[in-house]
Amino acid sequence: MEFSASQLSLILGGAIEGNPNVSVHKLSKIEEGVPGSLTFLANPVYTHYIYTTAASIVIVNQDFVPTQSVAATMIRVASAANAFAKLLEMYNEIKLKKTGISPLAYISPKASVGTNIYAGEFAVISDGAKIGNNVKIYPQVFIGENVTIGDNTTLFAGVKVYSDCQIGKDCILHSGTVIGSDGFRFAPENEEGQRKVPQIGNVLIEDDVEIGANCAIDRATLGSTILRKGVKFDNLIHIAHNVEIGESSYLAACNVVAGSTKIGKNCMFSGQVGIVGHLSIADNTIITAQSGISKNITKPGEVYMGSPAFEANKYRKAYIHFRNLDTMAKRIEQLEKKLNALTEQEAK
Amino acid sequence: MEFSASQLSLILGGAIEGNPNVSVHKLSKIEEGVPGSLTFLANPVYTHYIYTTAASIVIVNQDFVPTQSVAATMIRVASAANAFAKLLEMYNEIKLKKTGISPLAYISPKASVGTNIYAGEFAVISDGAKIGNNVKIYPQVFIGENVTIGDNTTLFAGVKVYSDCQIGKDCILHSGTVIGSDGFRFAPENEEGQRKVPQIGNVLIEDDVEIGANCAIDRATLGSTILRKGVKFDNLIHIAHNVEIGESSYLAACNVVAGSTKIGKNCMFSGQVGIVGHLSIADNTIITAQSGISKNITKPGEVYMGSPAFEANKYRKAYIHFRNLDTMAKRIEQLEKKLNALTEQEAK
Amino acid sequence: MEFSASQLSLILGGAIEGNPNVSVHKLSKIEEGVPGSLTFLANPVYTHYIYTTAASIVIVNQDFVPTQSVAATMIRVASAANAFAKLLEMYNEIKLKKTGISPLAYISPKASVGTNIYAGEFAVISDGAKIGNNVKIYPQVFIGENVTIGDNTTLFAGVKVYSDCQIGKDCILHSGTVIGSDGFRFAPENEEGQRKVPQIGNVLIEDDVEIGANCAIDRATLGSTILRKGVKFDNLIHIAHNVEIGESSYLAACNVVAGSTKIGKNCMFSGQVGIVGHLSIADNTIITAQSGISKNITKPGEVYMGSPAFEANKYRKAYIHFRNLDTMAKRIEQLEKKLNALTEQEAK
């Protein structure tokens with residue numbers, strides 16, 4: 001694939017500044033630009049690279065004002081980040097275009113599959129599964145009995161989906177992720193100790209959800225563990241049974257959400273956050289890395305920090321004092337000495 | 001499957017209150033009850049739902065005293081939670097009843113398998129493996145050389161068991177879990193830096209152990225990494241080489257136990273707990289979420305919190321002060337000012 | 001395999017003390033020694049076992065001075081730990097020697113494979129992949145399009161490598177590990193909320209890298225996520241897109257490194273450490289368990305602790321005061337009372 005600046009400006013609806021005939025055949029970062037590569041400038045931190053990059057074309061924001069001369073051809077667009085993202089998408093779409101059912105896949109005669117699907121080697125589609133159109137099932141994926149998967153969804157190599165789970169349209173599940181394993185629940189029993197509580201619910205994943213690699217989303221005891229439309233998960237996330245994650249919430253790597261907790265919409269949790277069970281977290285909640293939430297959050301849009309967490313600005317203030325506790329202790333000692341001296345003096 | 005209240009009361013050994021002829025064909029939560037569904041009430045928090053639920057039958061504790069009229073038929077039993085769990089189990093047993101060896105599974109001619117096993121598509125059972133009776137091996141499971149697996153154990157899709165590991169009877173291993181990967185150990189060497197210490201031990205899992213999805217249990221350097229009878233693991237847990245987890249201990253998601261640590265019996269660790277290597281943890285120890293244990297715990301039955309952890313009640317007290325450190329700092333400042341004023345006054 | 005003490009002393013270049021004709025056929029820990037087993041003593045903590053062990057041969061450090069009589073034959077070497085490691089390696093090499101391509105593996109006719117490789121059942125090697133010599137690909141491994149794998153590298157059962165990733169020579173990847181999943185990045189878009197930023201870079205793993213079980217290493221947005229020569233990872237580690245881990249750095253279990261962070265050489269991070277994105281961490285940095293790094297570390301060789309982390313010795317000091325905050329609060333209260341009393345007295 002080779003594109004000229006004028007072709008790209010048409011695709012992106014942008015304005016060319018420089019040579020419209022220069023052409024590119026690869027994508028690069030601005031600091032790693034080489035002749036023939038296309039790059040972009042969105043983050044002002046990288047502005048200085050535009051004056052030295054060897055890239056042939058740089059996509060920039062409409063309002064970018066160079067303070068030196070720029071050798072590369074520039075294409076001005078409303079949002080350089082979005083424009084570049086669109087090109088990446090086009091590139092990715094072509095690269096990830098896969099279709100056809102491998103003769104080495106196993107598709108149960110009792111399963112139904114849509115048109116134009118891809119099923120790779122050693123994938124398993126079990127009895128009663130319903131696979132939509134344009135679904136991509138990479139090698140070694142396991143799809144259990146009665147699972148439904150919506151149109152255009154991609155399951156990368158080795159994803160495992162237990163029976164009865166439902167996955168929506170336009171979802172992406174990365175390798176190693178497990179959907180529908182048993183929730184962790186044991187009821188006390190008089191004689192033989194704990195007894196496993198069977199988990200007969202499922203996992204319900206709505207449309208446009210992306211889940212990173214090696215996550216584990218447990219099925220509900222009864223009913224459904226739910227990931228709402230537009231939820232995005234990074235890698236290695238644990239979601240316990242009967243949890244619900246609200247629309248368009250983003251969870252970074254290694255989050256842990258314990259059983260029956262309900263997370264609101266548009267939340268953003270940083271890495272290694274833990275949330276205890278049976279809580280309700282308001283919409284737009286932000287949680288900083290490694291924090292632990294132990295109570296309901298009812299006010300939307302607040303930022304939490306710490307383990308157990310409280311308001312982040314208060315946490316940061318307290319933490320500054322924590323760092324200086326040694327000084328604080330010395331000041332108290334000093335005060336005690338002085339006061340004792342004064343008291344003794346007084347006593348005389 | 002449809003059951004009447006009188007049939008269920010026979011199965012559960014309970015007493016009917018209401019219409020004995022009403023029948024149910026599905027299981028539901030009390031708050032999601034519909035006509036034809038069977039539910040239960042155990043947690044008092046949910047009591048109010050019993051007066052409004054549309055479920056046809058509710059299993060309740062013997063001593064439950066309604067304060068309003070209940071439309072559903074009630075079945076009184078010693079423990080509603082246990083009774084419902086038994087029904088779930090029956091349901092699950094029927095649902096998960098799988099048997100037969102897929103022609104697409106690979107079973108080494110040098111392996112031995114018991115009677116009535118299930119082996120799904122693309123499962124691998126290697127040379128020298130010994131598989132007990134009624135074992136369920138889901139698709140894409142890997143069982144390495146000389147592995148032994150006891151009767152009635154289930155390995156869900158994609159479990160990987162390295163060579164020489166031993167798994168007991170009545171165990172459940174969830175998808176993506178890895179048993180017997182190498183421990184993380186490197187010995188310093190003069191010239192070429194660190195050198196891997198080969199891990200030639202195994203993992204020994206006793207009977208009635210359940211391990212969640214995507215866990216990683218390393219083999220011992222020499223000897224065995226051991227999970228004792230009745231141990232229960234949630235998802236994404238890391239167990240390092242030569243660790244021993246005592247009988248009936250419960251570890252929640254994302255726990256990390258470093259090398260050679262010995263955990264006692266009946267311990268309960270919340271999510272994201274970390275335990276450093278070469279420690280000994282007493283029986284019945286409870287650890288709160290995200291805590292880090294850095295020292296031996298010798299007294300059984302205590303609760304620990306914090307990172308590094310200490311007694312939870314002391315931690316909670318200290319943490320309240322931590323939250324108020326800003327106020328404390330201001331009080332100290334105030335004291336200093338007052339004392340200085342007083343000292344100056346005194347000096348006059 | 002049976003070896004006499006004199007044979008072993010030749011292999012190890014050591015000096016025999018005791019019966020040179022005694023022979024061994026297995027390896028054991030010193031505290032679990034039995035007649036016919038070979039063990040070693042390196043850690044002084046275990047010294048007392050040498051006087052009671054039933055092992056037939058014990059490898060010891062050159063300078064070991066027994067304080068009682070030792071029944072076992074000793075072999076003195078420069079480093080007992082290294083010598084034993086060498087024997088373990090020999091043992092492991094023999095045990096893990098696997099070769100041959102299973103007729104049940106799928107190797108694309110468009111892939112190229114070196115000599116003497118092992119490819120197990122249901123492994124997939126995709127179009128354009130280049131596999132070096134002596135590579136071991138265990139069952140159910142997935143190798144995506146255009147992946148390259150250097151000589152002598154081992155991928156244990158179920159490893160998944162996405163397209164275009166590059167893995168060096170002499171690497172070991174444990175089961176369930178995912179290489180090259182998409183980075184977690186979404187760009188804001190006016191109308192439809194967030195939009196996935198396609199991840200078209202790759203993962204580049206240099207020589208002599210070992211990665212534990214169930215890790216997830218994301219591909220770069222553009223360019224490469226890089227693990228330099230000699231990097232060692234424990235289990236369940238998350239590495240985000242565009243991260244670089246410097247030569248011979250060691251990360252313990254459940255580490256999380258967020259996007260674009262550069263880690264220096266010879267770093268050592270304990271378990272459950274988290275590092276935020278876009279940071280630069282100096283060489284030889286040591287981070288204690290569960291710490292969270294939120295700022296650049298510029299000075300090499302320091303130790304950090306806490307979340308957010310700061311110098312470990314300062315953290316430990318502050319933490320001692322934290323544990324005693326209740327006492328500190330009482331002292332302040334006491335001071336306030338005394339001072340008030342004094343002020344009142346003064347006022348009279």
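Every heavy atom of this structure was used, including side-chain atoms; hydrogens, water molecules and symmetry mates were not. For clarity, every value in this text was computed on a predicted model and none was experimentally measured.
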Can you confirm if the aromatic rings of A:Y138 and A:F122 lie within a centre distance of less than 6.0 Å?
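No; A:Y138 has its ring centre 6.0 Å or more from that of A:F122.
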For [X], is it the side chain, the backbone, both or neither that has a heavy atom under 4.5 Å from a heavy atom of chain A?
{"X": "B:S28", "result": "backbone"}
{"X": "B:E93", "result": "neither"}
{"X": "B:I237", "result": "neither"}
{"X": "B:L96", "result": "neither"}
{"X": "B:A157", "result": "both"}

With no hydrogens and no angle check, just 3.5 Å: does a side-chain donor-acceptor pair link [X] and [Y]?
{"X": "A:D218", "Y": "A:S181", "answer": "yes"}
{"X": "A:E145", "Y": "A:S126", "answer": "no"}
{"X": "A:H241", "Y": "A:T225", "answer": "no"}

Take A:Q290 and A:Q272, measure what side-chain hydrogen bond (donor to acceptor under 3.5 Å, both in side chains) needs, and give me the verdict at the end.
CA-CA 5 Å; A:Q290 300 189 321; A:Q272 295 176 315; 2.8 Å; yes
Which answer fits [X], side chain, backbone, both or neither, if we ask what part of it has an atom under 4.5 Å from a heavy atom of chain B?
{"X": "A:D164", "value": "side chain"}
{"X": "A:V257", "value": "neither"}
{"X": "A:A213", "value": "neither"}
{"X": "A:Y162", "value": "side chain"}
{"X": "A:V159", "value": "neither"}
{"X": "A:L342", "value": "side chain"}
{"X": "A:I320", "value": "neither"}
{"X": "A:S108", "value": "neither"}

Of the listed residues (A:V124, A:I217, A:V276, A:L222), which shares the most heavy-atom pairs with chain B below a 4.5 Å separation?
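The residue among A:V124, A:I217, A:V276, A:L222 with the greatest pair count is A:L222.
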Please identify, among A:L236, A:V197, A:T221, A:V273, the residue contributing the most non-hydrogen atom pairs under 4.5 Å to chain B.
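Going by pairs under 4.5 Å, I would pick A:V273.
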Can you give me the closest heavy-atom contact between A:S294 and A:P308, atom names plus distance?
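Where A:S294 meets A:P308 most closely, the heavy atoms are OG-CB, 3.5 Å.
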Nearest heavy-atom pair of A:A129 and A:I143: which atoms, and what distance?
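Scanning both residues, the minimum pair turns out to be CB-CG2, 4.0 Å.
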Give the member of B:E32, B:M328, B:K95 that has the highest number of heavy-atom pairs under 4.5 Å with chain A.
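Between B:E32, B:M328, B:K95, the count favours B:K95.
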Highest number of heavy-atom pairs under 4.5 Å with chain A: which of B:G176, B:A78, B:P139?
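When all of B:G176, B:A78, B:P139 are compared, B:P139 has the most.
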Using a heavy-atom cutoff of under 4.5 Å, enumerate the residues of residues 331-340 of chain A that contact chain B, numbered in order, or state 'none'.
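At a heavy-atom separation under 4.5 Å, chain B is reached by A:R331, A:I332, A:L335, A:K338, A:L339.
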Walk me through whether B:I293 and B:F269 qualify under side-chain contact (heavy atoms from CB on, under 4.5 Å).
CA-CA 11 Å; B:I293 306 296; B:F269 301 170; over 6 Å; no
Intermediate values then yes/no, side-chain contact (heavy atoms from CB on, under 4.5 Å), B:S37 and B:V24
CA-CA 5 Å; B:S37 82; B:V24 289; 5.7 Å; no
Are the side chains of B:H174 and B:L155 in touch, meaning some heavy atoms are under 4.5 Å apart?
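The answer is no; the side chains never approach within 4.5 Å.
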Does anything in residues 315-326 of chain B form a salt bridge (Lys or Arg N to Asp or Glu O under 4.0 Å)? List the pairs, not counting sequence neighbours.
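Listed once each, the pairs are B:D326-B:K330.
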Row check, B:Y118 ring normal vs B:K136 NZ/CZ: under 6.0 Å, within 45°
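Cation-pi check for B:K136 and B:Y118: fails.
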Evaluate B:L38 against B:K26 for side-chain contact (heavy atoms from CB on, under 4.5 Å), listing each step before the verdict.
CA-CA 6 Å; B:L38 167 68; B:K26 63 179 281 187; over 6 Å; no
I would like to know whether A:S163 and A:N146 meet side-chain hydrogen bond (donor to acceptor under 3.5 Å, both in side chains); could you show each step before the answer?
CA-CA 6 Å; A:S163 61; A:N146 308 314; over 6 Å; no
